[in-house]
Asker: 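This is the structure I want to talk about, given as structure tokens.
First the proteins, then the strands, lettered A, B, ... as listed; each starts at 1. Keep in mind it's a predicted model, so treat the numbers as computed, not measured. Hydrogens, waters and symmetry mates are skipped; everything else that's a heavy atom, side chains included, is used.
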Amino acid sequence: MRWTQTFIPTMKETPEGAEIPSHVLMLRAGFINQVMAGAYTYLPLGLRALKKAERIVREEMDRAGAVELLMPALTPLSLWERSGRREAFGNVLIQFQVRRQNREVQMALGPTHEEVITDLVAHHISSYRQLPITLYQVQNKYRNEERPRFGVLRTSEFLMKDAYSFDTSLDGLNTSYQRMYDAYCRIFERSGLSYIAVEAESGPIGGDASHEFMVLAENGEDIVVTCADCGYAANQERADTGDRAAQPPDDDAAKLTKVDTPGARTIEEVCRLLKCQPRQMIKTLIYLVDDRPTAVLIRGDHEANEAKLRRALGATSVELAPPETIEKVTRAPVGFAGPVGLELPIWADHDVAGIGDAVVGGNEADKHLTAARLSRDFQVENFADLRHAGEGDPCPRCSGNLALRRAIEVGHVFKLGTKYTDVLDAKFLDDQEQLHSIIMGCYGIGVNRILAGLVETSHDDAGIIWPLSLAPYEILLAPLKISDDEVRQTAERLHDQLQNAGVDVLLDDRDVRPGVKFKDADLIGIPLRVVIGQRGLAQGQLEIKWRTENEAGTIPLEGAAETLVSMLEQAKCSGDSS
RNA sequence: CGGGGCGUAGCUCAGCUUGGCUAGAGCGCUGCGUUCGGGACGCAGAGGUCGAAGGUUCAAAUCCUUUCGCCCCGACCA
């Protein structure tokens with residue numbers, strides 16, 4: 001491809017509003033263009049990179065025995081009502097109606113396709129002889145994100161590979177799941193991403209029913225918890241914490257005392273006023289658990305984990321109570337809730353038990369209590385692990401300590417069980433003529449996020465550094481002075497030879513100064529740059545430079561195409577992008 | 001949905017506090033010339049409903065009201 005014949009609008013300055021590297025660089029390098037918040041055009045370079053990622057995904061899905069199909073993005077709203085997810089998705093589901101002759105047809109743009117595929121399988125699969133099967137597609141998904149952000153990292157329309165496995169037994173599901181898990185590892189390795197697989201929120205099946213594939217990156221939206229000693233890794237939403245030695249309560253029994261804390265509603269304010277540490281305080285959070293007010297006690301320096309709370313209480317919905325409710329049940333303004341004398345079910349995190357004499361809210365305006373003691377001054381109905389794992393917490397698997405890292409979720413594998421097959425009536429007859437629900441798994445990859453994750457973790461001050469596997473072009477030819485006949489003809493001959501050899505080659509045939517070509521070359525990040533200049537040609541040489549290296553080298557002009565092809569071959573074999 | 005920031009040329013921004021002449025700069029773009037191995041220089045140009053609507057005023061990019069859009073933090077995210 002010739003630069004002057006394609007469309008690569010690079011930018012010297014960072015557009016207003018772009019902050020994180022992947023967004024800034026993909027905009028500046030002419031890969032994407034924003035159409036509105038959460039919707040981007042993929043320009044020619046961006047599309048080529050996206051197609052490369054897509055191809056890797058397809059190859060590994062096919063290799064794992066999954067079969068590709070294509071479902072419509074347009075879906076009947078009734079399907080979402082049947083599964084109950086019209087309500088579960090709420091505003092995220094993009095719904096609309098259109099008129100057809102004399103009736104209104106209600107539709108939704110698919111945010112994911114469990115319902116559509118399960119309905120398909122329900123109609124066409126009825127025997128164990130047709131199972132197992134794993135089906136997949138690569139398709140745009142639509143979610144009305146409350147807050148799209150970070151360039152292509154979180155958008156309302158995005159390209160997703162979604163696969164669904166259908167099995168007759170849990171063992172079968174485990175096999176299908178493992179096959180997808182392994183395929184995911186190969187996909188992310190081939191994409192040149194450094195990723196980790198972490199345990200994720202697993203829903204009804206429990207156990208190791210869900211893993212997320214994470215790219216560690218400063219600007220990631222998720223937080224993962226890792227243990228350097230044993231390799232334990234989990235999403236913070238789900239991460240367990242190890243046992244912590246409980247502090248024996250101080251036996252010099254201090255008496256429960258009411259103190260004035262005017263206007264001190266937050267942990268910090270109370271600590272400043274009473275000169276105590278957050279870890280000596282108990283936060284009393286009032287939650288609506290399936291619409292029932294419930295008090296949850298968390299140590300002052302910890303944070304409540306609503307997913308754990310939901311699981312521990314076996315609830316379907318958990319949300320912080322509105323101020324009116326808090327004021328009603330505590331008979332105090334928000335900020336002064338405490339467990340002493342509170343007439344609500346009280347749950348507490350394990351670590352609350354080790355505080356000893358604690359500072360708690362007084363259930364009265366501008367009052368707190370000091371030296372509040374568990375069992376003497378207040379009772380707790382149940383203890384559970386209800387808090388987020390924190391930096392330095394004990395590992396649940398070994399004696400190590402946990403570390404927190406930010407990460408980008410690029411893939412998610414999930415054992416669904418019969419959640420959808422039950423409600424959508426997807427059943428099979430086994431060899432004993434017994435009817436069972438088909439057992440399902442689902443497996444998603446955000447294809448755009450492969451690119452964003454790569455750029456986020458592979459760039460320098462000058463621009464993007466693409467691996468060969470995802471680069472829009474493998475080789476960039478930079479003839480420094482296009483008006484020189486020898487330079488131009490050499491470049492064009494080389495371009496044609498490489499193209500005929502099946503190499504993705506881009507020829508920068510613009511009549512611009514060398515500096516412009518070098519800057520743009522670094523910015524768009526093509527892995528191998530070949531400079532064709534009068535100086536080198538006089539010595540029968542071409543300058544070559546890998547984007548990852550600081551120093552340039554030379555190769556003889558004679559047989560240059562063959563040399564370059566074998567260099568690429570070698571790099572593909574030795575690199576992690578095989 | 002709560003908090004904060006920003007909308008002036010294709011891009012980055014100045015001008016607004018304290019209303020006033022033909023609305024500016026750099027980059028980019030067009031033409032000519034000189035240049036040509038890390039974003040060159042000179043000359044001449046094109047390009048604007050100052051996000052939109054309403055109001056105050058002799059006069060609004062500038063002051064007031066409303067509204068739309070974009071970005072960030074938080075909440076939310078099968």
Asker: Mind listing the side-chain donor-acceptor pairs of residues 523-538 of chain A below 3.5 Å, one per line with the distance, residues two or more places apart or on another chain?
Answerer:
residue	atom	partner	partner atom	Å
A:Arg529	NH2	A:Glu543	OE2	3.1
A:Gln534	NE2	A:Asp484	OD2	2.7

Asker: Give the first and the last nucleotide of RNA chain B, reading 5' to 3', that has any atom under 4.0 Å from a heavy atom of chain A.
Answerer: B:rC6 to B:rA78
Asker: Taking atom C1' in both B:rC72 and B:rA59, compute the distance separating them and give it to the nearest angstrom.
Answerer: 38 Å
Asker: Base, sugar-phosphate alone, or nothing: which one does A:Glu221 contact when heavy atoms must sit under 4.0 Å apart?
Answerer: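 Nothing, no heavy atom under 4.0 Å.
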Asker: Rounding to the closest angstrom, what is the interatomic distance between B:rG7 and B:rG15 at atom P?
Answerer: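 Approximately 10 Å lies between the P atom of B:rG7 and that of B:rG15.
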Asker: With a 3.5 angstrom cut-off on both distances, give the Watson-Crick or G-U wobble partner of B:rA59, or none if there isn't one.
Answerer: none
Asker: Could you walk me through whether A:Asp119 and A:Arg82 pass the salt bridge (Lys or Arg N to Asp or Glu O under 4.0 Å) check?
Answerer: CA-CA 11 Å; A:Asp119 190 52; A:Arg82 280 174 68 196; 3.7 Å; yes
Asker: What's the gap between B:rG19 and B:rC73 when it is taken at their P atoms, as a whole Å value?
Answerer: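 Approximately 37 Å lies between the P atom of B:rG19 and that of B:rC73.
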Asker: What do you reckon, are the aromatic ring centroids of A:Tyr420 and A:His113 less than 6.0 Å apart?
Answerer: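 For A:Tyr420 and A:His113, the ring centres are not under 6.0 Å apart.
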Asker: Quantified in whole Å, what is the P atom distance between nucleotide B:rU49 and nucleotide B:rC11?
Answerer: 12 Å
Asker: If you measure from SG on A:Cys271 to CD on A:Glu269, what distance do you get to the nearest 0.5 Å?
Answerer: 10.5 Å
Asker: Any strand is fair game: report the nucleotide pairing with B:rG33 by Watson-Crick or G-U wobble, both distances under 3.5 Å, or none.
Answerer: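 Base-paired to B:rC41.
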Asker: Counting any heavy atom closer than 4.0 Å, what does A:Arg86 reach on the DNA or RNA strands: base, sugar-phosphate only, or nothing?
Answerer: nothing
Asker: Tell me if the aromatic rings of A:His412 and A:Phe414 count as close, with their centers under 6.0 Å from one another.
Answerer: yes
Asker: Is the ring centre of A:Trp466 less than 6.0 Å from the ring centre of A:Phe31?
Answerer: yes
Asker: Using the P atoms only, state how far B:rC64 lies from B:rG5, rounded to an integer number of Å.
Answerer: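 Those two atoms are separated by 15 Å.
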Asker: Could you work out the separation of B:rA25 and B:rA44 based on their P atoms and round it to a whole Å?
Answerer: 13 Å
Asker: On a whole-Å scale, what distance lies between the P atoms belonging to B:rG26 and B:rA14?
Answerer: 16 Å
Asker: Could you check which nucleotide pairs with B:rC70 in any of the strands shown, counting Watson-Crick or G-U wobble with both distances under 3.5 Å?
Answerer: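 Matched B:rC70 with B:rG5 under the 3.5 Å cut-off.
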